[in-house]
Each structure stands twice: as C-alpha cells, then as structure tokens.
There are 2 protein chains.
Amino acid sequence: MVVDFTVGQADVDRVFHALADATRRDILTRVIGEEQSVSALARRYAMSLPAVQKHVGVLESAGLVQKLRRGREARVSAELERIRLVRELLDRYEQLWRHRVVAMDHLLTDRPAK
Amino acid sequence: MVVDFTVGQADVDRVFHALADATRRDILTRVIGEEQSVSALARRYAMSLPAVQKHVGVLESAGLVQKLRRGREARVSAELERIRLVRELLDRYEQLWRHRVVAMDHLLTDRPAK
DNA sequence: CTATCGTGAAACCTTGTGGTTGTAGATTTC
DNA sequence: GAAATCTACAACCACAAGGTTTCACGATAG
C-alpha cells in the first residue's frame, strides 16, 4: 500500500467510518470541547440513549474517543492523536498529487520541474 | 454545527464513507498517480468489474473522483480539492482541541493563557 | 434501605452496503 | 460487417449499520 504506515487498513477503515456520520462528528466536537458523560450527550440528540451509546462505541473502537468509568457515569473524552493521524494520511494523498503534477510537468517540458 | 463550513453534512458523510474502504482508498491513490480506465483498475483487484464500478461510483458521488467518457473507456481521475477539503475539516478538529487546552489553562492558572 | 440515575447488553427491525451474475449498448479493431 | 472490448444497468444475496424497545445491574441520593 502506498498511502499507509503504522496502522492497519482495518484501523483506517474504522476511523473513516466513524467520521462518516454527522451525529458522531458532532459528538466528537462536543467531547473535544469538554469531557461529557454518555447520557449528557444523549440528551442533546433526538434519539434514544442506546443509539448514542452505540455511536460512542463506534468512535471508541475507532480510537477517536476514550470512555472512562468515573463513578456511576462514563466520561467520554477525545483522542487527538487519532485525528492527527488521519489528517496526516490525507496529507499523503496531497503529496502523491504533487508528485504526479511534478512528473507530468517534467514529461511535458522535458526538463526538471521547478 | 461547529465544525463545518460550505459543504453540507451529507457531503461530508459521503466523503468519509467513501474513504472508509481499503479498496476505494487504493483506487484513489492509483488514480492520483495516473488517470486510469475502470476496467484497467478492475484488473488489479480480486473482484468483479461491476464491483469496482460501484466503488468508483461511490468515490465519484463523494466528489473525490471524476469519471470522463473518453472513447469507449471511462477515464477516472482524482479531484484534489475534495481531499484538501477533508484535510481542512480535520484541521478544524485540531484547532478546537487547541482552544480547549488554552481554555483549561486559563481556568487553572486564572490568568490569560499564554 | 429504597428509589433513582447512568450504564450496558440483548433481541429485533429496516435500510444500506459490498459483492455476485446476467444482459445489453457503444466503440474500436480486424 | 463481425468480433472483441469497455461500459452500464438490473436483479439478487448476505451481512453490517443505525435505530428501536426491553431488561438488568452498579452507584449515588434521600
């Protein structure tokens, strides 16, 4: 694989899949702003608690979020490293693109690209 | 929504969903490297042509890829802008995180954060 | 101790996704 | 013109996803 490094493809799959839902992205931003309990999060959405629990579960198994049991409530907090990892992956795509453009430029002008 | 700008949530959904599959990410990198026809792509994977067509379709409706009919073949090429857009979205998350840390610092030290 | 709150997990339903095969339409090539 | 190639689309299937309701359990509050 050209665009991948330490993490496995399945991990990347999970991260992108976790981000492919507006509710989950919203949960993530809320949790980045401030740690929150699952039910505190759930009160903000027009869906049942278990549904929100599942969303948090998806974010957690993607490594984007951490869930710590604090007394009777489960505090959800963001894992910045994972977000940064994905962003770097996207950077790689842009680098690939730049390489391609350079190569095409080289091809067309028949001299080393600027 | 805090972390979103010009594009709708549904668009973001589609982009992340499109990237949440190893085959599609591989197609994208190949196409970034060089425009390719659908069947040329299909030969590289252990799946039927229609399956690859569907993957390309997903990438296309996410705006990550463009499909142009060139004679009897369909040339698939990458759309860098969309990739860059997603990366910027991820940047926003990191900025949120930084704001949070600054705010907490402010809270703890009881003076304007550095 | 009891009542309540937050959580977790199972069972279930509906829809979407990724894959298949099969058929058919255009475009080149011989 | 016939044959080969590339594409497109429909029907179908198995399974995963997102949602629901229900039940049960640990922790706090009165």
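The sequence lines fix the lettering, A, B, ..., with proteins before strands; numbering per chain opens at 1. Values in this document were obtained by computation on a predicted structure and should not be read as measured data.
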Determine: side-chain N/O of R43(A) to OP1/OP2 of dG6(C), distance under 4.0 Å, yes or no.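 Result: yes.
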Return the value, rounded to whole Å, for the distance between atom [atom1] of [X] and atom [atom2] of [N].
X      : N       : atom1 : atom2 : answer
R70(B) : dT28(C) : CZ    : C1'   : 15 Å
R72(A) : dG6(C)  : CZ    : P     : 6 Å
R69(B) : dT7(D)  : CZ    : P     : 7 Å
L59(A) : dG18(D) : CG    : P     : 10 Å
R75(A) : dG8(C)  : CZ    : P     : 14 Å
Q53(A) : dT22(D) : CD    : P     : 16 Å
L68(A) : dG8(C)  : CG    : P     : 11 Å
E73(B) : dA8(D)  : CD    : C1'   : 15 Å

(Q) As a quick check of understanding, evaluate salt bridge (Lys or Arg N to Asp or Glu O under 4.0 Å) for R44(B) and D26(B), giving each step before the final call. (A) CA-CA 10 Å; R44(B) 294 189 157 100; D26(B) 196 69; over 6 Å; no
Inset, instruction - Check for a donor-acceptor pair, side chain of R82(A) on one end and backbone N or O of V15(A) on the other, with a separation under 3.5 Å. - result: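 No, the answer is negative, given that no donor and acceptor are paired below the 3.5 Å cut-off.
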SB check D91(A) R87(A) (cutoff 4.0 Å):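 Looking at D91(A) and R87(A), the cut-off is met.
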Quick tally for nucleotides 14-20 of chain C: nucleotides whose base has a protein heavy atom under 4.0 Å get B, sugar-phosphate-only ones S, the rest -, giving ---SSBB
- Task: Please examine the side chains of H17(A) and R24(A), heavy atoms only from C-beta on, and report whether any two atoms are closer than 4.5 Å.
- Result: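 R24(A) vs H17(A): side chains touch.
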| message | For a quick test of reading the model, state the closest non-hydrogen atom pair linking S37(B) to R75(B) and the distance between them. | response |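 S37(B) and R75(B) have their closest heavy atoms at N-CD, 4.1 Å.
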Qualifying residues under salt bridge (Lys or Arg N to Asp or Glu O under 4.0 Å), relative to R84(A), sequence neighbours excluded |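 R84(A): salt bridge (Lys or Arg N to Asp or Glu O under 4.0 Å) contacts with E81(A), E94(B).
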